[in-house]
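Worksheet: one structure, shown below.
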Amino acid sequence: MVKERILLSWSSGKDSAWALHVLRQMPRFEVCGLLTTVNEEHQRVAMHGVRDDLLRAQAASVGLSLHSVPLPHPCSNDIYERCVAEALEEARAHGVTGIAFGDLFLEDVRQYRERQVDALGLQAHFPLWGMETGSLADEMVRSGVRAVLTCIDPAACPREFAGRDFDLDLLAALPDTVDACGENGEFHTFAYAGPAFSKPIRFDRGKVVEREGFVFADLLLAEGR
């Protein structure tokens, strides 16, 4: 069977890491790289606030090439779409037939992604779609996924959760209004270990800061990682 060569949209978070684990168990796919948008000014993963060197350490640990898409700051949606489209067109020229996303249930987000990808002659795949997020979060943690909450929307999630580990204690402490996987944008994470990783990524915890309406917990790659 000829496998479909696909990229994985990689946010640096737990859902991306779990999606990679799931995709690697699906015989029809060959995940051949990670696609990530990076704030060009700050050299951090867009929205998650994760430093570029930690992102590269992730790619090395999961054994995949990293396709980093630089975005200006601030970045309009038109510029975002153009930059991502250019990266996907280049990937298609090298035999990539689709891209997978770690989305769980937001139908409008899925439809948006499908429109953008279909217009480029590629297929969009959603290996985690429809999974119940409470059960999924519990399964991730019990299967060895390790992550830190790096970005909090304080309008939706307590700001003191920034920098906390994504673990069973956190899941028990989340308010009922917060999705267990943060699928509504309540929080974003940095995944540093789990079944998709060959080894854990060593990091140090930095400052917690608030900017542009969000609370960010800074993480720094440990020497010798």
Side-chain angles (χ1 to χ4, degrees), residues 6-20 23 31-94 96 98-103 109 112-113 116-117 120 122 124 147-153 162-163 166 182 185 187-194 196-197 201-222 225:
I6 64 172
L7 295 179
L8 173 61
S9 178
W10 183 265
S11 68
S12 76
K14 61 183 176 17
D15 296 343
S16 294
W18 191 253
L20 178 57
L23 286 164
V31 181
C32 57
L34 310 176
L35 182 75
T36 307
T37 54
V38 175
N39 182 308
E40 191 172 26
E41 179 179 347
H42 301 293
Q43 291 298 297
R44 293 175 183 266
V45 177
M47 198 66 252
H48 287 233
V50 172
R51 292 174 181 264
D52 181 67
D53 55 1
L54 284 168
L55 171 64
R56 288 185 274 109
Q58 285 182 320
S61 184
V62 301
L64 291 172
S65 61
L66 177 64
H67 302 261
S68 183
V69 181
L71 299 178
H73 180 76
C75 182
S76 69
N77 194 59
D78 287 343
I79 293 175
Y80 165 81
E81 289 180 356
R82 183 171 70 248
C83 292
V84 172
E86 289 173 356
L88 290 176
E89 286 172 350
E90 181 179 354
R92 185 181 63 174
H94 289 84
V96 168
I99 179 168
F101 301 92
D103 298 299
V109 173
Y112 170 78
R113 298 198 195 284
Q116 299 304 312
V117 172
L120 298 171
L122 297 170
V148 176
L149 275 62
T150 57
C151 176
I152 298 289
D153 178 356
F166 183 79
F187 62 85
H188 302 283
T189 61
F190 167 73
Y192 63 89
F197 293 82
I201 297 165
R202 296 176 55 246
F203 61 91
D204 297 316
R205 297 173 191 263
K207 296 180 180 179
V208 175
V209 300
E210 185 166 352
R211 61 177 182 268
E212 299 179 351
F214 294 89
V215 181
F216 294 91
D218 195 16
L219 304 178
L220 301 96
L221 185 66
R225 70 170 183 268

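Positions are given from 1 along the sequence. Reckoned from all heavy atoms, side chains included, excluding hydrogens, waters and symmetry mates.
Scanning both residues, L120 and A85, for their nearest heavy atoms gives CD1-CA, 3.9 Å. In this structure, T189 and H48 approach most closely via the heavy-atom pair O-ND1, 2.9 Å. The two residues L66 and A59 come nearest to each other via the heavy atoms CB-CB, 4.0 Å. Summarising the geometry of G98 relative to V96, their closest heavy-atom pair is O-CG1, 3.3 Å, with the distance given to 0.1 Å. Smallest separation of non-hydrogen atoms from L64 and C32: CD2-C, 4.1 Å. Between A162 and V208, the shortest heavy-atom contact is CB-CG1, 4.1 Å.
Using bins of under 30°, 30° to 60° and over 60° for the plane-to-plane angle, the ring pair F190/F203 lands in the perpendicular bin.
Here the CG-NZ distance, from L149 to K14, works out to 8.0 Å after rounding to the nearest 0.5 Å. To the nearest 0.5 angstrom, Q116 atom CD is 10.0 Å from L88 atom CG. Note that CD of E41 is 10.0 Å distant from CD of Q43, once rounded to the nearest 0.5 Å. We find the NZ-CG distance between K207 and L220 to be 10.5 Å, quoted to the nearest 0.5 Å. Here the CD1-CG distance, from I6 to L35, works out to 12.0 Å after rounding to the nearest 0.5 Å. Distance check: D15 CG to S9 OG gives 11.0 Å after rounding to the nearest 0.5 Å.
A salt bridge is absent between R44 and D52; no separation between the charged side-chain nitrogens and carboxylate oxygens falls under 4.0 Å. Look at D78 and R82 and you find no salt bridge, because none of the NZ, NE, NH1 or NH2 atoms lies under 4.0 Å from a carboxylate O. In summary, D218 and R51 engage in a salt bridge, as defined by a charged side-chain N under 4.0 Å from a carboxylate O.
Counting heavy atoms from C-beta outward, Q58 and I201 have side chains that approach closer than 4.5 Å. Residues V69 and V38 fail the side-chain proximity criterion, which asks for heavy atoms closer than 4.5 Å. In this structure, L7 and H67 have side chains that are in contact, with non-hydrogen atoms separated by less than 4.5 Å. In this structure, the side chains of V45 and T37 stay at 4.5 Å or more apart for every pair of heavy atoms. For the pair V117/F101, a side-chain contact is recorded, criterion being any heavy-atom separation below 4.5 Å from C-beta on. Proximity of L219 to V148: side-chain heavy atoms (C-beta onward) are separated by under 4.5 Å at one or more points. F166 places a side-chain heavy atom less than 4.5 Å from the side chain of F187. Side-chain contact between M47 and S11 is absent, with no heavy atoms from C-beta onward closer than 4.5 Å.
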Q: Begin from the C-alpha positions of I152 and F216 and carry the test side chain to side chain contact (heavy atoms under 4.5 Å, CB included) through to its verdict.
A: CA-CA 6 Å; I152 298 289; F216 294 91; over 6 Å; no
**Q.** E210/V215 under side chain to side chain contact (heavy atoms under 4.5 Å, CB included): CA gap, chis, key distance, verdict
**A.** CA-CA 4 Å; E210 185 166 352; V215 181; 4.2 Å; yes
Q: Please step through side chain to side chain contact (heavy atoms under 4.5 Å, CB included) for the pair I79 and C83, ending with a clear verdict.
A: CA-CA 6 Å; I79 293 175; C83 292; 4.0 Å; yes
(Q) Checking T36 against S68 for the side-chain hydrogen bond (donor to acceptor under 3.5 Å, both in side chains) test, could you report, in this order, the C-alpha distance in whole Å, the side-chain angles of both residues, the deciding distance, and whether it holds? (A) CA-CA 5 Å; T36 307; S68 183; over 6 Å; no
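Residues forming a side-chain contact (heavy atoms from CB on, under 4.5 Å) with A19 (at least two apart in sequence, or on another chain): L8, P127, L128.
Side-chain N/O atoms of N77 and E81 include a donor and acceptor closer than 3.5 Å.
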